[in-house]
Number of protein chains: 2
Amino acid sequence: MSATLASLAKEEEVPSKGINTLRAIEDQHGGVIVNIENPMDSSVFSSLLEASISQWREQGKKGVWIKLPREHSNLVDSAVKAGFRFHHAEPDYLMLVNWIPNTPDTLPANASHRVAVGAFVMNANREVLVVQESNGRFSGQGIWKLPTGGVDEGEDICTAAVREVKEETGIDTKFVEVIAFKERHKSFFRKSELFFICMLQPHSFKIQRQVSEIEAAQWMAIEDYMAQPFVRENELFDFLTKIGLSKFNGKYSGFSTVLSSTSSCKKSYFYFNNNDAGHI
Amino acid sequence: MSATLASLAKEEEVPSKGINTLRAIEDQHGGVIVNIENPMDSSVFSSLLEASISQWREQGKKGVWIKLPREHSNLVDSAVKAGFRFHHAEPDYLMLVNWIPNTPDTLPANASHRVAVGAFVMNANREVLVVQESNGRFSGQGIWKLPTGGVDEGEDICTAAVREVKEETGIDTKFVEVIAFKERHKSFFRKSELFFICMLQPHSFKIQRQVSEIEAAQWMAIEDYMAQPFVRENELFDFLTKIGLSKFNGKYSGFSTVLSSTSSCKKSYFYFNNNDAGHI
């Protein structure tokens, strides 16, 4: 079982009273988690599941989770027929869930957002770091755009921005601030996207583009960047560039980070206007 | 088929050359989407899928998506055995995907984050709006906390904060600013969470708590709120409250919103420091 599932569970096996049921562990919300690890015949699984559900109902269990690795996909249909619905899926597993009591379901929702970053990097000559992408909707049009990319699973926004710039252009940078962000719905299937525009400070200047994804990369005079129809005719890009410039000139405060420990000892980043909070 | 899938697809059927294959439509990235709408025997599906994959390979197709509604879960196993992996799932469907070419897969990632909001609402008497929750880790401890909640699918952050406060306390508010945000990883299975703290301005004052989820709600003197060990002993809660107070006193700028149209005519919110951007 994964470290994450483990952290959700108390690792306490639910007593089975001698009846043949599925092995389950309790979670912290009055439910149980079944983690299928070994191959099983689907009819055997169906019988075990039926007996288990009766038992969990008697025990007053609430949400029942079944984690099915891809290699046991022969069991999906049995779980659905027993009343389970899909909760979420990752490449290697499908999570199904069933709310047993006759009360409104308080199960947590699936992840709803993807997160992406864009980087505003300017050098002392007032040149902004820009790229032409090999793929995607801006490719083949001669458009110079800011480096952008997706935030990886478990990655911090401030780290993702620095990584994307390094990967696409070879330039080393330091995160300064989130200067703005944008939300967009139904960007991919039903999911929403949060796009964070970050100001980064360059620490190296020699460009080495990422051959696979980047057609070209350069330092471009900010005036030339802004003169592109792509920027000029898009209210948002135009405004965003002006915010970036204003930040560069020391006249704008976005959100910088402070690392904080939560009660569970996990480190997490807190983003706020440090300039204004200086006097707190 | 859903509106979202429709918007991804060009709605152009892939010609089948008379061979018996699955009905598929092209997407905008050189792939195809198969949307299973009618019941099908799993062995019939397997044969059709095999023939279809051969054809898509010949045609140079890249990503092949199969959207399986829950009622056709009998086909999941066949798709996996044909080389498909899970991409994402919602309660009512499972999306599987298969990258056909011998090149690195450029398929978009699944949603990685859940988004939540917390609301800082203060009245003219310097009383902050607080609740005691019926469930969750803060219940039964007499802790007065800020109203919080999850952002619904497709909902804006600024809208979610106003909705949560109305639901939990009955108070009408107007969104002012995101004053800070926090990211937390592995908050639920592998997923991360972004938590946005919003300053809202109250427009009504008579509290009517949400009976199902809220044990109690009140306007509480800010000093009493801050004196709680729960706030005082948590560096982050303490700091956050000070930011909220500072904002209330007009000495802090967070990110307010502007509504902008994107190229696809969808409206989306852009969050930035409007106070500093005033001179742009």
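In this text, all values refer to a predicted model and were calculated from it rather than measured experimentally. Throughout, protein chains are lettered first and strands after them, A, B, ... in sequence-line order, and every chain is numbered starting at 1. We use all heavy atoms of the structure for the numbers below, so side chains are in, but hydrogens, waters and symmetry mates are not.
Only the side chain of B:Leu194 comes within contact range of chain A, judged by heavy atoms closer than 4.5 Å. Within the 4.5 angstrom heavy-atom criterion, only backbone atoms of B:Leu68 (N, CA, C, O) approach chain A. Contact annotation for B:Phe196: only side-chain heavy atoms (C-beta onward) come within less than 4.5 Å of a heavy atom of chain A.
Note: B:His113 leads B:Arg85, B:His113, B:Glu155, B:Lys247 in heavy-atom pairs under 4.5 Å with chain A. Residue with the most contacts toward chain B among A:Gly150, A:Ala180, A:Ser78: A:Ala180 (heavy-atom pairs, distance under 4.5 Å). When each of B:Leu96, B:Val258, B:Asp156, B:Val178 is checked for heavy-atom pairs under 4.5 Å with chain A, B:Asp156 comes out on top. Of all the listed residues (B:Asp77, B:Val97, B:Leu94, B:Val115), the one sharing the greatest number of non-hydrogen pairs under 4.5 Å with chain A is B:Asp77. Options B:Glu153, B:Glu213, B:Glu90 differ in how many heavy-atom pairs under 4.5 Å they form with chain A, and the most are formed by B:Glu90. Per-residue heavy-atom pair counts under 4.5 Å with chain B were compared for A:Ser212, A:Ala79, A:Pro91, and the maximum is reached by A:Pro91.
For an aromatic pair to be called close, the ring centres must be under 6.0 Å apart, and B:Phe138 with B:Phe230 satisfies this. Side-chain rings of A:Phe239 and B:Phe272 approach one another, their centers coming within less than 6.0 Å.
Ring orientation note: the planes of B:Tyr271 and A:Phe181 are close to parallel, at an angle under 30° on the 30°/60° scale.
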Inset, instruction - Begin with the C-alpha distance, continue with both residues' side-chain angles, and end with the deciding distance and a verdict on side-chain contact (heavy atoms from CB on, under 4.5 Å) for A:Lys191 and A:Asn110. - result: CA-CA 10 Å; A:Lys191 302 303 183 180; A:Asn110 189 5; 3.8 Å; yes
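When side chains are defined from C-beta on, A:Val80 counts as touching A:Phe86, because their heavy atoms get closer than 4.5 Å.
Side-chain contact check for A:His88 and A:Tyr93: at least one donor-acceptor pair (N or O, by modelled atom type) lies under 3.5 Å.
Heavy atoms from other residues, nucleotides or ligands lying under 6.0 Å from NZ of A:Lys62 number 12 at most.
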